[in-house]
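Everything below concerns the one structure shown next.
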Number of protein chains: 2
Amino acid sequence: MNPKEKRQYEARAKVLKALAHPTRLWIARQLSDGEHCVCEFVDAVDVDFSTISKHLTVLKEAGIVESEKRGKQVFYRLKIPCLLKFMECVDAVILAQIESQSEFL
Amino acid sequence: MNPKEKRQYEARAKVLKALAHPTRLWIARQLSDGEHCVCEFVDAVDVDFSTISKHLTVLKEAGIVESEKRGKQVFYRLKIPCLLKFMECVDAVILAQIESQSEFL
DNA sequence: TTCTTTTTTGGCAAAATAACCAAATGTTTT
DNA sequence: AAAACATTTGGTTATTTTGCCAAAAAAGAA
């Protein structure tokens, strides 16, 4: 792994890390149906609003979402159209894992 | 987020977490070209062999790779055919991020 | 202006992760 | 059987991540 390759994989890992959290992945999934304001996530998930805000910052810094303030609310939008396909791959891993485990029955 | 949904997103996050590390992602990418033995990774990456081994364990427990011992060597194979597509999505995020940054020039 | 609402920021403690070294395991070679 | 090789496991330490609380910011309403 040469230095350029290394930087490349570090950048990729950063994006994946941003999505590698249950709450953040859920948020991203919600956004794939269209924009939402922060308050909607706070209502739906049982964590402190400051925690939601920090998760959104992580997603934003990774380039996964973008935000826009309108009035007192902040709305977030997904920047990546490939998220659903992306998640299908993740689900395929989980399904394969379950299947290979049940082979032992 | 109900309990079932929560477990689902936790499972997905676990898979993503496994891939969200430069070295592990690189290993997975190498395996998409076919199986490799641990020693090949040890030679190519500048970290302790025990570190490589632990990374491989993480990938295995997440259901991303499988291993087979032949002689004194252990060979790893990718269990997911969608990895390359998956990485294309990650690269699209990075590219979009770079583009939106250069808008400010 | 003051109060209220919505979101972000700063600080802190607990938990998880990563990398190293040393030791153990399993396999082939001598 | 002993030595050599390839990999995993255990233990330790440093770093990162997570989530809460309190406080700050920004906007609108009273």
Side-chain angles (χ1 to χ4, degrees), chain A residues 1 3 6-7 9-28 30-31 35-78, chain B residues 1 3 6-7 9-28 30-31 35-78:
Chain A
M1 201 161 31
K6 197 180 171 193
R7 277 196 305 278
Y9 277 94
E10 280 167 354
R12 287 164 174 159
K14 193 189 164 189
V15 173
L16 288 175
K17 224 181 239 186
L19 288 167
H21 185 287
T23 305
R24 289 197 294 268
L25 192 59
W26 178 85
I27 288 173
Q30 301 310 301
L31 292 176
E35 72 170 18
H36 286 278
C37 94
V38 181
C39 55
E40 293 176 85
F41 298 134
V42 172
D43 292 341
V45 184
D46 190 29
V47 290
D48 197 80
F49 47 86
S50 68
T51 304
I52 295 284
S53 179
K54 276 177 186 171
H55 282 316
L56 285 164
T57 302
V58 172
L59 288 171
K60 196 173 169 181
E61 280 180 354
I64 294 162
V65 304
E66 58 190 358
S67 66
E68 184 190 342
K69 184 155 196 172
R70 292 207 296 276
K72 333 184 227 196
Q73 295 179 323
V74 177
F75 289 85
Y76 278 82
R77 269 187 304 277
L78 200 60
Chain B
M1 203 161 29
K6 196 179 170 193
R7 277 197 304 280
Y9 278 93
E10 280 166 354
R12 287 166 174 157
K14 192 189 165 190
V15 173
L16 288 175
K17 228 179 237 185
L19 288 167
H21 186 286
T23 305
R24 288 198 294 267
L25 192 59
W26 178 85
I27 289 174
Q30 302 310 300
L31 293 176
E35 72 170 19
H36 287 278
C37 95
V38 182
C39 54
E40 292 176 85
F41 299 133
V42 172
D43 292 341
V45 184
D46 188 29
V47 291
D48 197 80
F49 48 85
S50 68
T51 303
I52 295 284
S53 179
K54 278 176 186 171
H55 281 316
L56 286 164
T57 303
V58 172
L59 289 171
K60 197 173 169 181
E61 281 179 353
I64 294 162
V65 303
E66 58 190 359
S67 66
E68 186 189 343
K69 184 156 194 170
R70 291 206 298 274
K72 9 184 198 188
Q73 295 179 322
V74 178
F75 289 85
Y76 279 81
R77 269 188 304 276
L78 200 59

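Bear in mind the structure is a predicted one, so any value in this text is a computation, not a measurement. Below, each value reflects all heavy atoms present in this structure, side chains not excepted, and no hydrogens, waters or symmetry copies. In what follows, chains carry the letters A, B, and so on, assigned in the order in which the sequence lines appear, proteins first and then strands, with residues in each chain numbered from 1.
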Exercise. Which atom pair, heavy atoms only, marks the closest approach of I64(B) to A18(B)?
Worked result: CD1-CB, 3.7 Å
[X] side chain N/O closer than 4.0 Å to the phosphate oxygens (OP1, OP2) of [N]?
| X | N | answer |
| --- | --- | --- |
| S53(A) | dT8(C) | yes |
| K17(A) | dT17(D) | yes |
| Y76(B) | dT8(D) | yes |
| T51(B) | dA18(C) | no |
| H55(A) | dG19(D) | yes |

How many Å lie between [atom1] on [X] and [atom2] on [N], as a whole number?
| X | N | atom1 | atom2 | result |
| --- | --- | --- | --- | --- |
| H21(B) | dT15(D) | NE2 | C1' | 12 Å |
| L25(A) | dT17(D) | CG | P | 17 Å |
| I52(A) | dG19(D) | CD1 | P | 9 Å |
| E68(A) | dA26(D) | CD | C1' | 16 Å |
| E10(B) | dA16(C) | CD | P | 12 Å |
| D43(B) | dC5(D) | CG | C1' | 13 Å |

Exercise. Touch check for R70(B), heavy atoms < 4.0 angstrom, all strands: base, sugar-phosphate only, or nothing?
Worked result: nothing
For this session: For the side chain of R24(B), starting at C-beta, report the closest nucleotide among dT7(C), dA18(C), dC20(C).
Result: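 Of the options given, the side chain of R24(B) lies nearest dA18(C).
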Problem set entry | K72(A) side chain, from C-beta outward: closest of dG28(D), dT7(D), dT28(C) | dG28(D)
Exercise. For DNA chain D, whose closest nucleotide is more 5', that of D48(B) or that of F49(A)?
Worked result: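 Nearest-nucleotide comparison on DNA chain D picks D48(B).
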For this session: Name the residue closer to the 5' end of DNA chain C, choosing between K69(A) and S50(A) according to the nucleotide with the nearest heavy atom.
Result: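 Comparing both residues, the 5'-ward one is K69(A).
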Exercise. Quantified as the angle between the terminal helix axes (five pairs each), what is the overall bend of the helix from dT1(C)-dA30(D) to dT30(C)-dA1(D) to 10 degrees?
Worked result: 10°
For this session: Count the heavy atoms of every other residue, nucleotide or ligand shown that sit under 6.0 Å from CG of D43(A), and state whether that count exceeds 12.
Result: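 Yes - once you tally the heavy atoms of other residues, nucleotides and ligands closer than 6.0 Å, there are more than 12.
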For this session: Classify the angle between the aromatic ring planes of F41(A) and H36(A) as parallel (below 30°), tilted (30 to 60°) or perpendicular (above 60°).
Result: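 Aromatic pair F41(A)/H36(A) classed tilted.
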